[in-house]
Each structure stands twice: as structure tokens, then as C-alpha cells.
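Reviewing the structure listed below.
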Amino acid sequence: MTQKYKEIAPTDMTSEQIIDLCSELAVGFAKRAAKHDREGSFPEENFQELKDHNLLCIMIPKDRGGMGADFLTYTRALEQIAKGDASTGLTFNMHNIAVGSLAELNIDGIGGSRGKKMNDFIDWVYDQAITHKKLFASASSEPGIGAHLSKMKTLYHKTDEGFVINGVKNWVSMAGYADYYVVAAKKADSTSDVPAISYLIVEKENPNARVEFTWDVLGMRGTSTNPVYFEDCFVPKESLFLGNEGMALFKVAREPHWLVGGYVGVYLGICTAAFEFLTNYLKNRNIPGTDKPLASDTRIQHKVGELFVKVESARASVYRAAKLVAERPGSVEANAAIHLSKFMVSELGPSLTSDAIRLCGGSTIAKFMPLERYYRESRCGGLMPATSDECLLYLGKHSFGTDLTKPDETYW
Ligand SMILES: Cc1cc2nc3c(=O)[nH]c(=O)nc-3n(C[C@H](O)[C@H](O)[C@H](O)COP(=O)(O)OP(=O)(O)OC[C@H]3O[C@@H](n4cnc5c(N)ncnc54)[C@H](O)[C@@H]3O)c2cc1C
């Protein structure tokens with residue numbers, strides 16, 4: 001345990017303490033990042049530390065035994081984690097897409113069997129995260145479909161005892177490591193206009209959920225993002241997310257911040273790490289043939305000033321979006337801000353890291369320095385939902401006043 005926080009119960013942690021704790025843990029994550037990147041291995045030690053420090057319940061409300069972070073605190077904590085190791089940040093976010101999204105639900109007024117089912121489900125998830133330190137993975141994307149929920153081919157059939165899932169998910173981060181997969185699937189006999197997409201929880205040990213370890217990619221190599229095959233995969237009734245069928249598309253259209261906004265903290269973390277690397281390097285390396293640091297050259301200062309403006313603009317956009325989500329989740333302003341910040345931070349990463357390599361010079365493409373890894377990792381941001389093009393599409397429609405809470409107006 002990080003000594004400073006050893007005595008503090010998760011429910012007593014302040015926002016600043018949560019962010020500081022993540023920043024301290026990230027120092028260790030940074031030391032292991034190159035190894036996991038090189039080997040394409042999952043950073044299990046990092047997750048053990050996140051578990052030891054109760055961070056799997058970062059978003060669970062304090063009155064339910066969690067840290068009670070709001071979306072801004074969460075985003076800033078994620079930025080710190082990703083600054084140390086982006087793969088850990090990205091996969092940690094996948095867990096919180098499932099757990100964190102429950103925290104903001106207001107189900108007080110929902111009575112009867114529907115309210116009971118929702119409550120039972122939430123109790124179960126919180127207990128898994130807090131007491132049993134279980135990890136949840138998000139299994140939505142499919143081959144040839146990406147994360148477009150309305151086009152899903154994975155189907156589920158209802159039986160008297162539960163559900164049977166058939167399909168393949170080809171981008172499941174933490175596959176083989178997470179304890180549960182949250183699987184998006186279409187109701188087989190659905191006749192509704194908007195496809196009935198539901199989330200079902202599948203245990204890692206389910207004999208009909210098979211992982212294929214094939215992940216060998218450009219960046220985010222430590223995420224164990226692998227295909228998982230669900231073949232006549234039975235899950236009991238209680239596995240239905242929130243006890244609700246067919247609500248996924250409506251939910252993601254109304255409140256896209258979990259499936260879109262979680263990533264912004266991660267990709268901001270990479271930008272922050274790259275900018276810090278850049279300034280340190282330029283202070284410590286001399287202009288060839290002189291004893292003056294590169295940082296003393298006015299052309300370099302000018303260019304770094306320009307990059308500073310871009311990084312701080314992206315940070316302001318990310319924090320503003322996260323604050324709007326914390327205060328008014330699902331509002332038109334929060335949804336637009338999330339897409340704006342996702343676009344800004346995803347596009348900034350590759351250009352910032354490319355400029356940083358250019359400014360610092362050839363030595364920085366060496367594998368023993370982190371810059372080339374930041375370059376590769378940051379390229380993945382714009383591929384994840386909403387992709388940069390989807391963000392622009394969304395923001396264009398938003399500018400024309402389109403009602404983007406209607407699923408068929410969105411890119412999903
Ligand atoms: C590091 C990493 C980790 C990931 N982890 C997860 C995870 O844990 N769980 C998960 O579910 N997914 C995960 N994903 C997948 C991710 O969410 C996306 O689904 C995936 O990156 C999209 O893949 P794609 O580009 O092939 O598909 P698509 O989004 O379908 O895009 C394919 C191409 O089609 C274009 N296109 C898309 N729609 C249209 C259209 N209507 N008209 C014209 N062109 C279009 C796109 O611009 C793109 O060029 C991860 C991805 C990465 C990179």
C-alpha cells in the first residue's frame with residue numbers, strides 16, 4: 001500500500017487524494033510500461049495495485065462503500081494512471097464503463113419488480129467490485145461492425161432460466177484477465193424499429209466463452225484486447241444488465257459519456273506524458289557543438305509554446321466536458337463537450353508526439369525512451385468510439401440543432 005493512503009478508508013478519500021494516489025501508483029506503472037509494451041503482456045501487477053488500493057470502486061458512491069469519484073475526478077485520476085501506463089488506463093476505464101455507469105442512475109422512484117431487479121443487480125456489481133475485487137470488461141465491438149451497436153450480429157435467445165448468447169466480439173480488452181465480460185447482444189426475435197440491444201454478464205470461466213490470444217498491434221499492446229467467442233453460451237436471468245432488455249441503444253444515445261468520454265482522460269494522459277518528456281529532454285540535451293541546451297533556442301521555445309497551447313486547450317476541453325458530465329450528465333451541452341474533447345485529444349496525440357520526435361531528434365525513437373511508445377499509443381485514440389470522424393459528424397449535427405438523443409440520428 002502507498003504509505004500515505006494506508007490508513008484512509010476508500011469512503012473518506014477526497015477527490016484530490018484519489019488523483020494523488022493514482023499519480024503515485026503511476027510512477028510504478030511507468031517503470032513497467034516498456035516491458036509490457038515490448039512483450040505485449042497484460043500488466044497484472046498494476047491491477048493488483050489498483051485492487052490493493054480499492055480503486056476498483058473509484059466510482060461507487062460513498063454511501064455504498066466506494067470512493068464516490070465524480071466524472072471530473074475520475075477523468076483526472078485516469079489521466080494520471082495513463083501518464084504512467086496508457087494500457088492500464090484504457091483497461092481500467094473498461095471496468096468503469098460497467099461499474100461507474102451504474103453510480104449515476106437515479107432509481108429511487110422505480111418501484112415494483114423492475115426497481116427490485118435493478119437494485120439487486122447494482123448490489124451484486126458493487127459487491128463484486130468492493131468485496132471480491134472483480135474486474136469487468138466491455139465486449140461490444142464485432143468484426144466488420146466495430147462498436148456500432150445498432151448493427152450487432154451477436155444474438156441472444158431467452159429461455160425459462162436465462163439467456164443463450166451466440167456471436168463473436170473481436171476487441172475485448174482484458175480478455176482472459178477480467179472476471180466478467182459485459183456482452184452487448186441483440187434480442188434474436190426482436191421486431192422493434194430500434195434494434196433491441198441488451199448487455200449480459202458472462203463469467204470468465206463460462207465454458208462457452210472462449211478467448212483467442214492474437215493481440216499483436218501497433219500500440220496499447222498491454223491491453224490484452226482479444227477476440228472472445230460465445231458459442232451457445234448460457235447465462236442465468238440475473239446476468240441481464242440492470243434487469244433491463246433492449247435499452248442499450250437508447251442509453252448510449254442519451255448518455256454517450258461512458259462509451260465515448262472515458263477515453264478522453266486516457267489520451268490526455270499520453271499527451272501530458274509526451275509534453276513533459278519533451279520539455280525535460282530539450283532542457284537536458286545541448287544544441288550540437290555547443291554547451292547550450294536546445295531549450296535555449298528561441299525557435300524551439302516558440303514551437304514548444306505552440307504545443308503548450310494545444311495541450312492546455314485539449315486539457316481545458318477535457319476537464320470542461322468531464323465537469324459538465326458530473327453536473328449535468330446527458331445534457332445537450334455535456335454530450336457535445338464530450339465529443340469535442342474526444343476529437344481534440346485523439347487528434348492532438350499523434351501530431352504532438354510526431355512533433356516531439358522531430359524537435360528532440362533521432363535518439364528519441366529508441367525503445368529505451370518512452371516517446372516512440374507514446375507516438376504509437378496515441379494513434380489508437382481516434383480509432384475508439386466515437387472515432388474522430390464520428391465526433392465531427394456528431395458536432396456538425398449538434399450545430400444544426402439535431403435531436404441526438406434519437407438513436408438513429410447517431411453513429412451507433
Ligand atoms: C486499443 C483498443 C482497445 C479496444 N478495446 C475494446 C474493448 O474493450 N471493447 C470493445 O467492445 N471494443 C474495443 N475496441 C474496439 C473499438 O471500440 C472500435 O470498435 C474499433 O476500434 C473500431 O474498429 P474498426 O475501425 O474496424 O471499425 P469501424 O468503426 O466500423 O470503422 C471501419 C471503417 O469504416 C468507416 N466507417 C464507419 N462507419 C461508416 C459509415 N457509416 N459510412 C462510411 N464509413 C464508415 C470508419 O471511418 C473506418 O474507416 C478497442 C479498440 C482499440 C484500438
Side-chain angles (χ1 to χ4, degrees), residues 36-37 40 42-43 47 78 82 85-99 101 135-154 165 167-186 197 199-202 204 209 211 214-230 241 248 252 256 258-264 266-267 269-270 342-343 346-347 349-350 373-374 376-394 396-397 407-412:
H36 289 298
D37 173 61
F42 186 72
F47 273 89
L78 203 52
D85 179 38
S87 287
T88 301
L90 189 74
T91 43
F92 182 58
N93 180 55
M94 295 304 176
H95 167 79
N96 287 303
I97 288 178
V99 179
S101 62
L135 262 175
F136 289 79
S138 163
S140 286
S141 304
E142 296 186 3
I145 288 172
H148 302 103
L149 287 181
S150 64
K151 313 285 186 299
M152 299 271 105
K153 286 189 185 154
T154 296
I165 311 168
V168 55
K169 301 291 178 182
N170 62 336
W171 302 83
V172 184
S173 293
M174 300 193 283
Y177 294 96
D179 302 282
Y180 297 104
Y181 303 115
V182 183
V183 182
K186 188 160 100 180
I197 307 293
Y199 290 114
L200 295 158
I201 312 282
V202 179
K204 175 181 149 195
V211 182
T214 54
W215 189 241
D216 184 12
V217 293
L218 172 87
M220 296 295 192
R221 293 174 50 78
T223 57
S224 184
T225 303
N226 284 296
V228 183
Y229 296 84
F230 300 94
F241 202 83
V252 78
W258 275 109
L259 284 191
V260 180
Y263 306 117
V264 296
V266 175
Y267 289 95
I270 304 175
K342 172 74 172 50
F343 177 82
S346 299
E347 290 300 295
R373 189 178 79 246
Y374 300 150
R376 291 183 284 107
E377 285 169 337
S378 64
R379 187 59 197 82
C380 302
L383 300 174
M384 310 197 68
T387 63
S388 292
D389 290 319
E390 288 163 350
C391 288
L392 292 180
L393 177 73
Y394 189 97
K397 287 190 172 193
D408 53 2
E409 284 291 358
T410 68
Y411 45 82
W412 294 106

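Numbering of ligands and ligand atoms starts at 1, following listing order. Please read all numbers here as calculations on a predicted model, not as lab measurements. Hydrogens, waters and symmetry mates play no part in the numbers below; they use all other heavy atoms, side chains included.
For atom 12 (N) of ligand 1, a protein heavy-atom neighbour is found at a distance under 4.0 Å. Atom 29 (O) of ligand 1 is flagged as protein-proximal [any protein heavy atom, distance under 4.0 Å]. Within a 4.0 Å radius of atom 36 (N) of ligand 1, the protein contributes no heavy atom. Inside a 4.0 Å radius of atom 2 (C) of ligand 1 there is at least one protein heavy atom. Distance screen at 4.0 Å: atom 15 (C) of ligand 1 has a protein heavy-atom neighbour inside the cut-off. Note that atom 44 (N) of ligand 1 has no protein non-hydrogen atoms nearby, at separations under 4.0 angstrom. The nearest protein heavy atom to atom 25 (O) of ligand 1 is not closer than 4.0 Å. Distance screen at 4.0 Å: atom 20 (C) of ligand 1 has a protein heavy-atom neighbour inside the cut-off.
Contact check for Y180 versus K204: no side-chain heavy atoms found under the 4.5 Å cut-off. At least one side-chain heavy atom of Y263 sits less than 4.5 Å from a side-chain heavy atom of N93. Here the side chains of V168 and E142 are not in contact, with every heavy-atom distance at 4.5 Å or above. You'll find the side chain of V202 reaches within 4.5 Å of the side chain of F230, heavy atoms only. The shortest side-chain heavy-atom distance between S101 and F241 falls under the 4.5 Å cut-off.
No side-chain donor-acceptor contact under 3.5 Å links N96 to the backbone of V99. No donor-acceptor distance shorter than 3.5 angstrom exists from the side chain of T387 to the backbone of M384, with no hydrogens or angles considered.
Taking CD1 from I197 and CH2 from W412, the interatomic distance works out to 12.0 Å, rounded to the nearest 0.5 Å. The distance from atom CD1 of I270 to atom OG of S346, rounded to the nearest 0.5 Å, is 9.5 Å. Rounded to the nearest 0.5 Å, atoms CG (D85) and OG1 (T91) are 7.5 Å apart.
The option with the heavy atom closest to atom 17 (O) of ligand 1, from among S173, P385, G382, is P385.
For the residue pair N226 and S224, a side-chain donor N or O sits within less than 3.5 Å of a side-chain acceptor on the partner.
Here the protein heavy atom with the shortest distance to atom 47 (O) of ligand 1 is D389 OD2, 4.3 Å. Among protein heavy atoms, atom 27 (O) of ligand 1 sits closest to G146 CA, 3.7 Å. The nearest heavy-atom contact from the protein to atom 6 (C) of ligand 1 is W171 O, 2.9 Å. Looking from atom 50 (C) of ligand 1 to the surrounding protein, the closest heavy atom is M384 CE, 3.5 Å.
Taking every non-hydrogen atom of L383 and a distance limit under 4.0 Å, the qualifying atoms of ligand 1 come out as 18 (C), 20 (C), 21 (O), 22 (C). Residue A147 has at least one heavy-atom neighbour below 4.0 Å for each of these atoms of ligand 1: 19 (O). Counting the atoms of ligand 1 from 1 in the order shown, those under 4.0 Å from a heavy atom of M220 are 1 (C). Every atom of ligand 1 is numbered from 1 in the order shown, and the set under 4.0 Å from a heavy atom of L90 is 1 (C), 3 (C). In summary, the atoms of ligand 1 found under 4.0 Å from a heavy atom of S141, numbered by their order in the structure, are 10 (C), 11 (O), 12 (N), 13 (C), 15 (C), 16 (C), 17 (O), 18 (C), 19 (O). Each of the following atoms of ligand 1 lies closer than 4.0 Å to a heavy atom of T225: 3 (C), 4 (C), 5 (N). Per-residue contacts place M94 under 4.0 angstrom from the following atoms of ligand 1 (heavy atoms of the residue considered): 5 (N), 6 (C), 7 (C), 8 (O).
Checked against the 6.0 Å centroid threshold, F343 and Y394 do not count as a close aromatic pair.
Only side-chain heavy atoms of H148 come within less than 4.0 Å of ligand 1; its backbone N, CA, C and O stay farther off. With a heavy-atom cut-off of 4.0 Å, I145 touches ligand 1 through its backbone alone.
By the 30° and 60° cut-offs, the orientation of the rings of F136 relative to H95 is tilted. F47 and F42 have parallel rings, their planes meeting at less than 30° on a 0 to 90° scale where 60° marks the start of perpendicular.
The distance criterion of under 3.5 Å between nitrogen or oxygen atoms is not met by E390 with respect to ligand 1.
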